[in-house]
2 protein chains.
Amino acid sequence: MDTMTIPAAPAPRTQVTRKDVARYAGVSTAVVSYVVNGGPKKVAPATEAKVQEAIRQLGYRPNAAARALKLGSSETIGLVIPDNSNPFFSMLAHAVEDAAGALGYALVLTNSDGNLAKERRNIRNLAARQVDGVVLASVLFEPELDDLEAAEIPSVLLSHSGSSAGVTTVGVDLAKGARTAVEHLIGHGHTNIGLAMGTTTGNEADAREEGWVQALRDAGLPEGPIARSAFTRVGGYAAGKRFLASGHRPTAIFASSDMQAIGILRALHEAGLSVPEDIALVSFDGSEDAEYSWPTLTTVEQPVRDMAEAAVRALVGADRGEPAQHRVFPTKLLVRQSCGCP
Amino acid sequence: MDTMTIPAAPAPRTQVTRKDVARYAGVSTAVVSYVVNGGPKKVAPATEAKVQEAIRQLGYRPNAAARALKLGSSETIGLVIPDNSNPFFSMLAHAVEDAAGALGYALVLTNSDGNLAKERRNIRNLAARQVDGVVLASVLFEPELDDLEAAEIPSVLLSHSGSSAGVTTVGVDLAKGARTAVEHLIGHGHTNIGLAMGTTTGNEADAREEGWVQALRDAGLPEGPIARSAFTRVGGYAAGKRFLASGHRPTAIFASSDMQAIGILRALHEAGLSVPEDIALVSFDGSEDAEYSWPTLTTVEQPVRDMAEAAVRALVGADRGEPAQHRVFPTKLLVRQSCGCP
DNA sequence: ATGAAAGCGCTAACAT
DNA sequence: ATGTTAGCGCTTTCAT
């Protein structure tokens with residue numbers, strides 16, 4: 001043992017609490033709270049100044065856990081998405097973080113990786129962490145919200161067309177957006193229009209498929225080929241190859257996501273085909289990737305920022321506590337090169 | 001006053017606490033804790049079963065805030081990145097979430113949007129929330145860690161070549177990676193190799209620039225043109241146009257990020273130039289975008305998952321508490337089409 | 001093997 | 001205007 005040790009370092013600063021501040025400023029802890037929170041009581045300017053000074057001097061920082069315990073609110077919201085590496089969801093996550101941050105809420109991000117068990121685990125975990133709300137972009141049509149409901153944590157389903165009973169949803173009219181896209185293709189004279197559809201875990205048909213069918217039917221056109229695959233670049237690539245291998249190759253394709261369109265583009269390029277000359281393409285989402293592909297993609301834009309704001313507002317903002325409602329945002333066809341417009 | 005009110009609805013279920021569980025199971029609250037946490041004391045199997053049953057029956061879920069307050073740990077880590085919409089960072093965020101989740105930690109995501117004030121605010125905020133560690137992919141060479149240090153919250157700098165004193169850093173050898181890329185281009189016979197460099201907020205030169213210079217100098221080649229712009233598609237697009245407008249147009253370009261390369265690609269396509277025939281291109285990061293561009297991008301891959309794991313481990317895993325160290329991961333040149341390889 | 005009880009730091013109702 | 005104080009739900013030491 002080294003008994004000669006000199007206690008050089010200053011005693012390990014333990015956490016400064018409101019008590020220390022109160023003592024230093026010569027006031028009570030309540031006053032410190034009032035100053036820190038700007039209420040609920042008024043404090044004399046002079047006192048306030050003293051407290052502020054004490055806070056500065058001591059380097060006091062409120063303990064969020066204690067506050068959360070007392071208030072029953074962590075000022076945090078949870079986000080459950082399939083995959084933050086997917087541009088659409090990373091854009092969404094960013095938008096949700098901004099919207100939450102503007103209201104003083106932090107964002108806990110969880111990826112469910114298309115894995116049902118993981119999604120459930122993430123939801124449980126968020127519930128246990130006393131988040132004040134959960135934004136859910138589930139892989140499921142009807143996600144399991146029991147854990148949230150049991151904990152009385154509000155949730156909103158994002159990017160969801162469905163009208164799940166009793167849950168607030170925020171999304172776009174997928175069918176209408178898809179119809180617009182397909183109609184645009186029809187307007188270019190195409191009669192054999194394929195569909196690259198993403199696969200959903202639930203058993204509900206995706207409304208984008210409906211929209212494609214409707215547009216075709218309304219125009220008296222037959223349904224073109226369908227390729228189902230994941231909502232990813234890899235999935236789109238596989239779908240693209242399948243279209244090319246099929247006997248009755250379409251002259252135009254509607255892809256249910258930009259990522260799939262990017263994959264399709266690669267498959268077409270590799271086959272030496274030109275877009276839109278040989279095959280025209282319109283996709284869905286309006287992510288930045290669609291603006292920088294070659295050719296640039298005509299795509300149906302989802303107003304992600306508006307949707308994120310609406311979701312957060314429903315959870316912890318002005319719309320909190322309102323009865324469940326279904327907010328449907330308009331999509332907008334962003335016309336670029338891949339559709340064949342001059 | 002309506003004294004006739006019939007108490008129809010069941011009393012609004014207030015949160016079930018460990019006290020309720022204890023009473024229901026006929027044990028003390030301590031035993032409930034032992035069961036829930038698997039320690040620190042042993043519990044008789046029969047008692048444990050009773051408690052588990054009570055937990056199930058009552059739908060008990062532990063309150064994380066209380067636990068955090070008691071333990072001084074929120075089992076949460078913070079992540080500060082410039083922009084989650086940027087594929088490189090969204091990939092990183094996903095990897096960090098996975099690594100943290102594997103250790104039982106949740107991830108609080110914050111975007112600083114290249115904004116210094118916002119970065120500082122995010123850091124303060126995370127500190128106040130008692131996160132157990134912060135992974136920082138700062139826009140700055142030497143981010144302001146005072147708030148974290150004051151709160152004794154460990155932090156690690158990610159994607160950082162620097163050896164900031166006293167802070168653990170995790171990154172790749174940017175200079176070496178860049179050199180490899182440029183040497184590859186030189187190997188293809190190029191003698192006029194441009195650099196599309198991202199702009200950093202600090203005043204330190206990015207090591208990728210060094211690597212470019214070194215490779216050129218070692219080969220006895222003159223420095224090609226430099227275009228500086230943001231680490232984004234938009235930035236790359238602008239850089240690409242500048243290269244094209246310059247008198248002495250390079251025959252090859254090294255871009256400091258995949259995003260910039262994607263932007264450059266667009267500028268070249270629009271100008272009717274082919275890659276790699278007219279201009280060869282190699283970039284940095286190894287994001288999935290580089291695999292699905294046209295042509296596909298030869299790029300210097302960063303082992304993002306390994307880096308994320310190392311960062312999390314240093315914060316709250318096996319390496320916690322170790323003295324500050326600098327973990328440098330190897331990069332790998334992913335050869336695809338844009339460089340001109342056959 | 002189990003229980004009692006002392007706080008963790010904060011908020012806000014209730015004094016003064 | 002300011003102070004006192006009772007918890008929020010949990011962990012864990014110290015009894016039993």
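In what follows, chains are A, B, ... by sequence order, proteins preceding strands, each numbered from 1.
Across the protein-nucleic acid pair, A/Gln130 atom CD and D/dC8 atom C1' stand 11 Å apart, rounded to whole Å. Rounded to an integer number of Å, the gap from B/Asn37 CG to D/dG9 P is 17 Å. In this structure, B/Lys19 places its NZ atom 11 Å from C1' of C/dA5, rounding to the nearest Å. Rounded to whole angstrom, the span from the CG atom of A/Leu71 across to the P atom of D/dG7 amounts to 17 Å. A/Lys42 has its NZ atom 17 Å from the C1' atom of C/dA12, to the nearest Å.
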Worked verdict on A/Asn125 versus A/Arg129 for side chain to side chain donor-acceptor pair (under 3.5 Å): CA-CA 6 Å; A/Asn125 195 255; A/Arg129 284 171 185 279; 3.0 Å; yes

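At a threshold of 4.0 angstrom between heavy atoms, the contacts of A/Ser33 include nucleobase atoms, whether or not backbone atoms are also involved. Within the nucleic acid shown, B/Ala44 comes within 4.0 Å of sugar-phosphate atoms alone, with no base atom in reach, counting heavy atoms only. A/Val32 comes within 4.0 angstrom of nothing in the nucleic acid, heavy atoms only. The residue A/Thr29 sits close to a base: some heavy atom pair falls under 4.0 Å. Among the heavy atoms of the strands lying under 4.0 Å from A/Arg18 is at least one base atom, whether or not backbone atoms are also near.
For A/Ala25 against A/Ala54, the heavy-atom pair with the smallest separation is CB-CB, 3.8 Å. Listed here is the closest heavy atom pair of B/Val312 and B/Ile77: CG2-CD1, 4.0 Å.
Applying the side-chain contact (heavy atoms from CB on, under 4.5 Å) rule to B/Tyr60 yields the partners B/Val16, B/Arg18, B/Val21, B/Val36, B/Ile55, B/Pro62; only residues at least two apart in sequence or on another chain are considered. With sequence neighbours excluded, the residues satisfying side chain to side chain donor-acceptor pair (under 3.5 Å) with B/Arg305 are B/Asp98.
The side chain of B/Arg67 places an N or O atom within less than 4.0 Å of a non-bridging phosphate oxygen (OP1 or OP2) of D/dT11. For B/Asn63 and D/dC8, the shortest distance from a side-chain N or O to OP1 or OP2 is not below 4.0 Å. For C/dA13, neither phosphate oxygen OP1 nor OP2 lies less than 4.0 angstrom from any side-chain nitrogen or oxygen of A/Tyr34.
For B/Ser28, whose side chain is taken as the heavy atoms from C-beta onward, the closest listed nucleotide among C/dA1, C/dA4, C/dG9 is C/dA4. With distances taken from any side-chain atom of A/Leu69 to the nucleotides C/dA13, D/dG9, C/dG3, the minimum falls on D/dG9.
Taking a cutoff of 4.0 Å between a charged side-chain nitrogen and a carboxylate oxygen, A/Glu53 and A/Lys50 do not qualify as a salt bridge.
A 6.0 Å sphere centred on CZ of B/Arg61 holds more than 12 heavy atoms belonging to other residues, nucleotides or ligands.
Taking the screw axis at each terminus of the helix from C/dA1-D/dT16 to C/dT16-D/dA1 from five consecutive base pairs, the angle between the two is 40° to within rounding of 10 degrees.
One can find a donor-acceptor pair under 3.5 Å joining the base of C/dG7 and the side-chain atoms of B/Lys70.
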